[in-house]
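In what follows, chains carry the letters A, B, and so on, assigned in the order in which the sequence lines appear, proteins first and then strands, with residues in each chain numbered from 1. What you see below is based on every heavy atom in this structure, not just the backbone, and it leaves out hydrogens, waters and symmetry mates.
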Amino acid sequence: MTRLFNDPTQFKEEMIGGFTLAYSRYLRRVPDAAGVMALGAPQPGKVAVLIGGGSGHYPVFAGYVGKGMADVAVIGDVFTSPSGEQIYRCTKAVDGGAGVLYTYGNYSGDVLNFGMAEMRCQNEGIDVRTVTVTDDVASAEDVEDRRGIAGDFFMIKTAGASAARGDSLDDVEALTRRANDRTRSFGIAFGGCTLPGQSEPLFTVDPGKMELGLGLHGEPGIKSADMASASEIARMMVDIVLADAPADAGHKVAVLLNGLGSTKYEELFVLYKDIHAQLEASGLALHNPLVGEFAGSLNMAGCSLSLLWLDDELQALYDAPASTPAFTHL
Amino acid sequence: MTRLFNDPTQFKEEMIGGFTLAYSRYLRRVPDAAGVMALGAPQPGKVAVLIGGGSGHYPVFAGYVGKGMADVAVIGDVFTSPSGEQIYRCTKAVDGGAGVLYTYGNYSGDVLNFGMAEMRCQNEGIDVRTVTVTDDVASAEDVEDRRGIAGDFFMIKTAGASAARGDSLDDVEALTRRANDRTRSFGIAFGGCTLPGQSEPLFTVDPGKMELGLGLHGEPGIKSADMASASEIARMMVDIVLADAPADAGHKVAVLLNGLGSTKYEELFVLYKDIHAQLEASGLALHNPLVGEFAGSLNMAGCSLSLLWLDDELQALYDAPASTPAFTHL
Amino acid sequence: MSTQAKLAKQCVANILAAIEQAEDELARLDAFAGDGDHGAGMVRGMRAAHEAAQTAEGDLAGPVIAAAGTAFTNAAGGASGALFGMFIATVGQSLNAAPDTENVCRAVEAGVNVVCKLGKTKVGDKTMIDTLMPFVRALEEAAQQGLTPVEAWSYALPAAKSGMEATADMVSGRGRSSRLGERSRGGLDPGAVSAYYMLRAVADTLNTP
Amino acid sequence: MSTQAKLAKQCVANILAAIEQAEDELARLDAFAGDGDHGAGMVRGMRAAHEAAQTAEGDLAGPVIAAAGTAFTNAAGGASGALFGMFIATVGQSLNAAPDTENVCRAVEAGVNVVCKLGKTKVGDKTMIDTLMPFVRALEEAAQQGLTPVEAWSYALPAAKSGMEATADMVSGRGRSSRLGERSRGGLDPGAVSAYYMLRAVADTLNTP
Ligand SMILES: Nc1ncnc2c1ncn2[C@@H]1O[C@H](COP(=O)(O)OP(=O)(O)O)[C@@H](O)[C@H]1O
Ligand SMILES: Nc1ncnc2c1ncn2[C@@H]1O[C@H](COP(=O)(O)OP(=O)(O)O)[C@@H](O)[C@H]1O
Ligand SMILES: [Mg+2]
Ligand SMILES: [Mg+2]
Ligand SMILES: [Mg+2]
Ligand SMILES: [Mg+2]
């Protein structure tokens, strides 16, 4: 459960306070808004990348603000999209005249609030484009209806690297959309998280069971199944993700095995051993795998597998340097 | 609890397997030993840095193998020091002729096993030196009797950077020892962890209570106290660490706020807000703070504060670049 | 109550009180198939709405309500922050100087239409609309029957309640819980419950002498 | 039993069986004030010891026991891995070709001394030594009284048991649990319990016709 807090209604503000104090070498508070922006932003002539959503998912989103990734993260309350007003202010703060790309998870609240901000900014002459992340194969049949989970990381990395090398807004948007089109994720949950100030978890999972199709917001999964061994879980995750592989996407993939708060690194490595072997057995070439915590849900227990089918251009962006509080790559 | 595993007796082996598959761009398995070594090691003429201990603490130890940090990590079973035999083999694998520095936490089992390996290597003419980490102020009055907790990170960073720039074994040893002499930590726990295959946690903490003086191995704390607000906990942690400040150590500190598995980033930032303010109020200058998971204990809940009192030389080593699976710094 | 504005402010204050009292219940309802933040978000939004309403100037109700709605949207966040805020703001903006029953009805209808449009929702999707739409239809009936605004509001409230209750047996078609399919059946929709509490708090205010 | 070596192998096999049976109990005891790994570590060590013992060659007991000890140390890890392994290996190395009671006693004493030296421990520190040291003292008595090795081992076993039981009321002075001070009082020391089970398994083996 969430134990460290003072007044739960001040949780977000205090979190932003501590985060900006710790990482002032990367970023600073957006004046008069619930957001953090990279040092050096706005950079005239450079496309700005704006990310955001509810908090409780660190390192998504604020942890990815810095060089080579996002220019600004708008920070909502725990599991709550930031309001259009906050998104608007953050957009104004980072626009460098070359336009702003929004990328965020496809949730009703986020779509509404980011959508309102986008309209308002467009009306004021700021060119804003949006790529909503829809990686979770468990969340809907139609890709456009799917929600975003840990695959967020790939889109933030792609957009950030594209903007950092000076691409136009058209190109940043097109590349980020291409990354989203080529990303698939699937997750499972073993236990729910507890919001600050609450004493009961959002949901519980019977011991001996697991929830298939986790939500990153503590929502229960799509259905229950009997708990299985790491090897069986690896097989299931790989099968489900590959069954939904994008057409004609080649055979080179970036791999991200994401752990939620209470499922730890050692367990992820045990699971990863079979995931790696099975992906290779299915003919894929694995590029720079990542195993760790990349998109959380407070102290929820669970994990997800995300694949991004790379082409040369996406790979170049994926391999580009980045330096942020939560992800640094040389 | 630990949920992802197959046969619990194979947990360590499978973990090493998955870890080396994921991070083959940094490291590889030590042939015939339970350890991982940096690509490029052994490097003739360079002092090698050997770390290790029980597993269950990722990113300690294996996560810090790579450029600018450790050359090799010897990996024991969960919470169990590796055997002298494994340490011996890993030492032989990375010795580049300039000697090997061991640095690990001061626990009875580790001291015994690393000590046996050290003796055996010395007998074979390999110059081995040892700096045991003793940062936890809660664990004993006398500094030499204290155990090592998240402060490990500072010693690994110091030793690795010193060795990487070509220092002699004498210098690597002296600087690492100086870092340990100037490091103090204190931790608290809110809940115990569960070993793979077990159904009960190692200890439980009554709701409404916390354990002061956490152990990184799921040992209960030194004493219980009533649960407090984040601000009160921040004050207590700072007071206890500063009460034990090393003499004449100056006023510049590296700060590491470490979360154990189930205490999440957002909570740590809320806590850090007051820690930062109080450290500054006490006249300290905070250098590049780190807030996150740097030394774990499976899914245990809790956190610890570590300070390293810097001087110019230690700061240069702390700021030196590093590139490992769990910590990269430009 | 001496002015429209005062009455509107009193309505907002009573909605806030009702929502604060229901915070835990709303959180629990949202935890069933959503993410548990609905109680906190509604309270945050209503506190801001209340503050904005209290400091709004003039004698008319419309601007007070509009100010409350804008403040709600800015403070609450989330799906319900955007939708309830736009609902309230639209009602305020649509309410003209002489709020007879027909005008009130048209204003609420304008608010409901904005929610349907922004949220791409219709009746039966297990959202706040399942409370609001039957309420508007009943308000229309009341207007046709020539009831006063106060009478009309009380007349329409039971339709809102039935609409809210009907969400228990619906499968979610919109919002976070829509990903759960059949698993979303069985719990009341938190936004439908909030909507009902808001409407009921207004009824209570209007009926207080 | 036809040879010393066979008897030694049988002892190791029976110790393994005893430790496997006690695995959960040892884990629980270690969880009380330590890190819970003692059961798994002892099983891992004894399995390796057993394998090494079974494949050891020759008719003498000493080399079998020494091989078991070395394998134990290499496989188990942890404090108890180093100490039990060195204990067993030292006993094996110290046992000469004609193991009369005095020789057996001296071999076990050599093992105990190695543990005290490596572990910097003495009686009363709440460790395996609280089982092993009283056992050695009693073995010495038995040797002075002229008992056979089999009789001597059975004679000394109760002293080991009392020593083990006494650890419940001790405060830990060595090892991981020593950081807990007074809080370590109240549970048996897991290493002291393991040591007793090992000695008892040997007694059972020796007394089996
Ligand atoms: N597209 C939509 N149209 C209408 N109402 C919606 C829509 N999406 C969500 N809602 C309403 O919002 C409520 C959830 O609000 P809340 O929990 O505050 O937001 P979030 O879903 O962003 O966490 C739902 O119960 C539903 O009544
Ligand atoms: N310094 C020591 N001297 C003697 N015995 C020790 C010492 N340290 C630990 N032990 C023994 O080892 C046991 C713990 O073993 P185990 O749990 O396997 O190792 P660890 O403490 O490394 O987790 C203790 O119960 C105690 O009997
Ligand atoms: Mg929400
Ligand atoms: Mg141990
Ligand atoms: Mg919600
Ligand atoms: Mg132990």
Side-chain angles (χ1 to χ4, degrees), chain B residues 8-9 11-12 34 52-56 74-89 106-117 136 138-140 145-147 192-203 211 213 215-224 297, chain D residues 20 23-24 27-45 47-48 70-87 89 114-115 117-121 125-128 172-184 186-187 191:
Chain B
T9 68
F11 189 80
K12 178 185 76 170
S55 50
V74 199
I75 301 172
D77 283 271
V78 175
F79 295 168
T80 304
S81 165
S83 71
E85 174 71 21
Q86 301 299 322
I87 301 163
Y88 166 80
R89 292 184 194 178
N106 183 33
Y107 292 87
S108 183
D110 297 278
V111 171
L112 285 163
N113 286 289
F114 282 83
M116 293 190 320
D136 181 10
S139 56
D145 292 340
R146 291 177 179 173
R147 64 190 171 196
C193 53
T194 307
L195 298 181
Q198 304 274 315
S199 56
E200 294 299 312
L202 275 174
F203 69 98
E211 294 273 317
L216 254 191
H217 300 79
E219 306 97 328
I222 309 295
K223 65 174 182 181
S224 285
S297 184
Chain D
E20 282 182 331
E23 178 172 357
D24 286 350
R28 268 197 312 278
L29 289 172
D30 194 27
F32 174 72
D35 57 358
D37 62 347
H38 188 62
M42 290 299 296
V43 167
R44 196 167 51 241
R47 285 193 181 142
T70 304
F72 189 101
T73 293
N74 294 350
S80 64
L83 295 173
F84 273 121
M86 292 301 279
F87 170 71
V114 162
V115 172
K117 194 173 149 236
L118 281 176
K120 306 200 178 76
T121 333
D125 278 346
K126 195 178 177 107
T127 70
M128 57 178 74
S172 173
R174 278 285 143 200
R176 202 176 289 288
S177 53
S178 63
R179 271 71 188 240
L180 293 183
E182 268 300 325
R183 283 190 139 195
S184 65

Fill in the blank from the handout: Contacts of B:Lys12 meeting salt bridge (Lys or Arg N to Asp or Glu O under 4.0 Å) (sequence neighbours excluded), chain-then-number -> B:Asp77
Fill in the blank from the handout: Looking only at B:Gln198, B:Gln86, B:Glu211, the option with the highest number of non-hydrogen pairs under 4.5 Å against chain D is B:Glu211
Exercise for the section: Would you mind checking which part of B:Thr194 comes under 4.5 Å of any heavy atom in chain D, side chain (CB onward), backbone (N, CA, C, O), both or neither? Expected result: neither
Problem - Under 4.5 Å from a heavy atom of chain B, the part of D:Arg44 involved - result: side chain
Practice task
Decide side-chain contact (heavy atoms from CB on, under 4.5 Å) for D:Lys120 and B:Ser108; before the verdict, give the C-alpha distance in whole Å, the side-chain angles of both, and the deciding distance to 0.1 Å.
Solution key: CA-CA 10 Å; D:Lys120 306 200 178 76; B:Ser108 183; over 6 Å; no
Practice task
Might you point out which heavy atoms bring D:Leu118 and B:Leu112 nearest each other, and give the distance in Å?
Solution key: O-CD2, 3.4 Å
Exercise for the section: Using non-hydrogen atoms and a 4.5 Å limit, figure out which bit of B:Leu202 sits close to chain D: side chain, backbone, both or neither. Expected result: both
Practice task
In sequence, state the C-alpha distance, the side-chain angles, and the governing distance for D:Thr73 and B:Met116, and then conclude on side-chain contact (heavy atoms from CB on, under 4.5 Å).
Solution key: CA-CA 11 Å; D:Thr73 293; B:Met116 293 190 320; 3.7 Å; yes
Completion exercise
Turns out that what part of D:Ala76 lies under 4.5 Å from chain B's heavy atoms comes down to backbone
Handout entry: Within-4.5 Å side-chain heavy-atom neighbours: B:Glu200 and D:Arg28
Key = no
Problem - Residue pair D:Asp35 / B:Leu195: nearest heavy atoms and the distance that separates them - result: O-CD1, 3.9 Å
Practice task
For the residue pair D:Asp37 and B:Val78, establish whether any side-chain heavy-atom pair is separated by less than 4.5 Å.
Solution key: no
Exercise for the section: Report the distance from atom CZ of D:Arg47 to atom OG1 of B:Thr9, rounding to the nearest 0.5 Å. Expected result: 6.5 Å
Handout entry: Backbone N/O of B:Ser83 and side chain of D:Asn74: donor-acceptor pair under 3.5 Å
Key = no
Practice task
Counting only heavy atoms closer than 4.5 Å, note whether B:Asp136 contacts chain D via side chain, backbone, both or neither.
Solution key: neither
